[in-house]
Amino acid sequence: MKVLVAVKRVIDYNVKVRVKPDHSGVDLANVKMAMNPFCEIAVEEAVRLKEKGVATEIVVVTIGPKAAQEQIRTALALGCDRGIHIATDEEVQSLEAAKLLKAVVEKEEPKLVFLGKQSIDSDNNQTGQMLAALTGMGQGTFASEVAVEGDKVQVTREIDGGLMTVSLGLPAVVTTDLRLNEPRYASLPNIMKAKKKPLEAISPADLGVDIAAHLTTLKVEAPAERKGGIKVASVEELVDKLKNEAKVI
Amino acid sequence: MSILVIAEHDNSTLKQSTLNVVAAANAVGGDVDVLVAGESVGGVAESAAKIAGINKVFVADNAAYGHFLGENLAELVAEVGKTYSHIFTGAGTTGKDFMPRVAALLDVAQVSDIMSVESEDTFVRPIYAGNAMATVKSNDPIKVVTVRATAFDPVSGEGGDASVEALDLVKDAGLSEFVREELAKSDRPDLASADVVVSGGRGMQNGENFKMLESLADVLGAGLGASRAAVDAGFVPNDMQVGQTGKIVAPQLYIAVGISGAIQHMAGMGDSKVIVAINKDEDAPIFQVADYGLVADLFEAVPKLEEELKKVL
Ligand SMILES: Cc1cc2nc3c(=O)[nH]c(=O)nc-3n(C[C@H](O)[C@H](O)[C@H](O)COP(=O)(O)OP(=O)(O)OC[C@H]3O[C@@H](n4cnc5c(N)ncnc54)[C@H](O)[C@@H]3O)c2cc1C
Ligand SMILES: Nc1ncnc2c1ncn2[C@@H]1O[C@H](COP(=O)(O)O)[C@@H](O)[C@H]1O
């Protein structure tokens, strides 16, 4: 079966972001960019399904500027077969991303679509659920275990109270949580091979999707700084401070 | 303005977070109705009707909603919510699951995890793991919003007398089936609403050592949390993870034990009133946010702390 994976180019998770002085956003100039960590997990899961003989072809798609092709190449080096780059320099919000992905789903007709549960830049946690709604598919969100059985997929989900397992008919959307797998690194030979794998670039207009944003960001500010506190010398001093200074016990 | 709040509950009790979400809805202004969807939720509906200041409670009681499957809830909420100006719910895993689906069905954007209401269409929300705060305006006719409960003081769960109306709306999308669930059982205060939280990290070394923290938490009546590293290593279950991708907590007192203080962890506890860190590395980043830092070996400090606390509590 065919599997589609959506990956997003985001700021590397180790980078401490800085808000721009004019409050228009965060400073992305000369900042290290990478594949969203949850998308790495999505790619890994698709590749494992292929290694198990469950998936036959993995198509990886990204929406973003030209540079986002780097993340497609990374995914190809990790074992995806073919890339689709939906090219735009505009900011694409979750609803519009879902509409673009829906157009790709209609064209490619995958049996399973993997997305990350959340992008670590917008922290939205929306796109997979929206794609599932727009395509009329079931959704297994926050997956920590995925098992394809015939024309169904069982997804174990990380929920506030613990774990929950659902069974979805295929095709279905699965969004990945941190403990689903541990992504591998791409080997040098595979990075070289990935350069020859097919990568198609299309535009939102080619897909007939209007990507005008529904939300306007009015300003972006640094969060209120916590005042650094003090170091206490002993457990006794700590208890004394908690009781008599902070008055929280 | 008319706001529909989707109640959070487990079919038997109304979650405290619903009171925080109603507070956020009140900040918008206008009539606030509450929708309780689930199975055998008579008791929850009764509790919801007592929430101070709300207008009406709708109840959708059906097996289709019993396990809070996102596909079914979304169809229900989109149907009931389409005449409202706002649809609010908490940013727990249930809300995160069904709410974006509601937004897509209504062809509107969702504003995730808001921390303040600036006006009827403008909200503040954290991005980049809380390292920046975005003020976002929704241009949609219906504002679909998930609320970070800890950022709003709860309204009273008593004193209200809203009318309760049963809805005869069964939406079974037929896309998903419940198989099983493994819920953590604990007599401890709920992590998300506890006044005191004790959390352990990789420094705890193994699951067995978490007993030390349990015992400390018992003395304090605290909820128990963990870093991702401790969960990934299998020391403790996933529902204990605090952080950008785990639970958001904002207790009066947060005690981080053997946790380095990665930005992804701080995103989940940085709004705590008082932060205590116990770490043997004096350069651990957690000390930059800790009100009281103790540089010590946790295996000595934690039993000692329990002993000292027992003297004063
Ligand atoms: C996409 C993404 C999402 C993430 N989401 C989360 C999240 O939601 N929550 C989260 O917590 N993390 C999250 N992380 C992981 C985060 O980046 C850190 O890796 C993690 O928080 C580290 O956990 P830790 O502090 O327990 O471990 P470490 O960083 O290994 O720190 C262990 C600490 O214990 C101290 N220590 C060791 N032994 C002792 C001792 N005997 N006495 C005292 N101190 C001791 C050490 O000095 C050290 O500071 C996420 C990461 C990514 C990429
Ligand atoms: N621009 C994009 N290109 C490709 N995939 C995306 C894009 N935006 C979001 N996604 C997918 O949707 C997931 C969740 O994103 P979000 O809803 O923005 O938190 C990501 O992990 C990706 O899998």
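Numbers restart at 1 for each chain; the letters A, B, ... are given by sequence-line order, proteins then strands.
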Rounded at 0.5 Å granularity, tell me how far [atom1] in [X] sits from [atom2] in [Y].
X: B:Glu307; Y: A:Glu236; atom1: CD; atom2: CD; answer: 8.5 Å
X: B:Leu294; Y: A:Glu237; atom1: CG; atom2: CD; answer: 9.0 Å
X: B:Tyr128; Y: A:Ile11; atom1: OH; atom2: CD1; answer: 5.5 Å
X: A:Leu215; Y: B:Phe123; atom1: CG; atom2: CZ; answer: 9.5 Å
X: A:Leu178; Y: B:Arg228; atom1: CG; atom2: CZ; answer: 4.0 Å
X: B:Lys247; Y: A:Asp160; atom1: NZ; atom2: CG; answer: 5.0 Å

**Request:** Run the salt-bridge test on B:Asp291 and A:Arg226 with the 4.0 Å N-O cut-off and return the result as yes or no.
**Result:** yes
Got a donor-acceptor contact below 3.5 angstrom from the [X] side chain to the [Y] backbone?
X: B:Glu71; Y: A:Gln139; answer: yes
X: A:Lys117; Y: B:Thr245; answer: yes
X: A:Asp123; Y: B:Ala129; answer: yes

So do [Y] and [X] actually touch side chain to side chain, heavy atoms under 4.5 Å?
X: B:Glu177; Y: A:Lys152; value: yes
X: B:Asn238; Y: A:Leu163; value: yes
X: A:Leu242; Y: B:Leu253; value: yes

Heavy-atom pairs under 4.5 Å with chain B are the metric here; pick the option from [options] that has the most.
options: A:Thr156, A:Val153, A:Leu168, A:Leu131; result: A:Leu168
options: A:Gly25, A:Ser94, A:Ala132, A:Gly162; result: A:Gly162
options: A:Val166, A:Asp121, A:Val248; result: A:Asp121

More than 12 heavy atoms of other residues, nucleotides or ligands under 6.0 Å from [atom1] of [X]: is that the case?
X: A:Lys20; atom1: NZ; value: yes
X: A:Arg18; atom1: CZ; value: no
X: A:Glu145; atom1: CD; value: no
X: A:Glu149; atom1: CD; value: yes

Contact class of [X] relative to chain A, heavy atoms under 4.5 angstrom:
X: B:Gln264; result: side chain
X: B:Leu183; result: both
X: B:Leu191; result: neither
X: B:Val276; result: side chain
X: B:Glu182; result: both
X: B:Ala74; result: neither
X: B:Thr146; result: neither
X: B:Lys273; result: both
X: B:Glu75; result: neither
X: B:Asp190; result: neither
X: B:Ala184; result: both

Heavy atoms only: give me the nearest [X]-[Y] pair and the separation to one decimal.
X: A:Val235; Y: B:Glu308; answer: CG1-CG, 3.8 Å
X: A:Val220; Y: B:Ala132; answer: CG1-CB, 3.8 Å
X: B:His67; Y: A:Met164; answer: O-CE, 3.3 Å
X: B:Leu175; Y: A:Gly136; answer: CD2-O, 3.3 Å
X: A:Thr217; Y: B:Ala134; answer: CG2-CB, 4.4 Å
X: B:Asp232; Y: A:Arg179; answer: OD1-NH1, 2.7 Å

**Request:** Walk me through it: do A:Asn124 and B:Arg125 pass the test side-chain contact (heavy atoms from CB on, under 4.5 Å)?
**Result:** CA-CA 10 Å; A:Asn124 263 352; B:Arg125 59 177 300 266; 3.5 Å; yes
Would you kindly say whether [X] and [Y] are connected by a side-chain donor-acceptor distance under 3.5 Å?
X: A:Gln126; Y: B:Arg101; result: no
X: A:Gln129; Y: B:Asp97; result: no
X: A:Thr216; Y: B:Asn139; result: yes

**Message:** Would A:Lys231 and B:Tyr292 count as a cation-pi pair here, with the cationic atom under 6.0 angstrom from the ring centre and within 45° of the axis?
**Reply:** no
**Asked** Side chain, backbone, both or neither: which part of A:Phe38 has an atom under 4.5 Å from a heavy atom of chain B?
**Response** side chain
**Asked** Do A:Ile159 and B:Thr94 pass the side-chain contact (heavy atoms from CB on, under 4.5 Å) test, and can you show the C-alpha distance, the side-chain angles, and the key distance before you say yes or no?
**Response** CA-CA 8 Å; A:Ile159 58 170; B:Thr94 303; over 6 Å; no
**Request:** Determine the option with the most heavy-atom pairs under 4.5 angstrom with chain A, choosing from B:Arg180, B:Lys185, B:Glu282, B:Glu300.
**Result:** B:Arg180
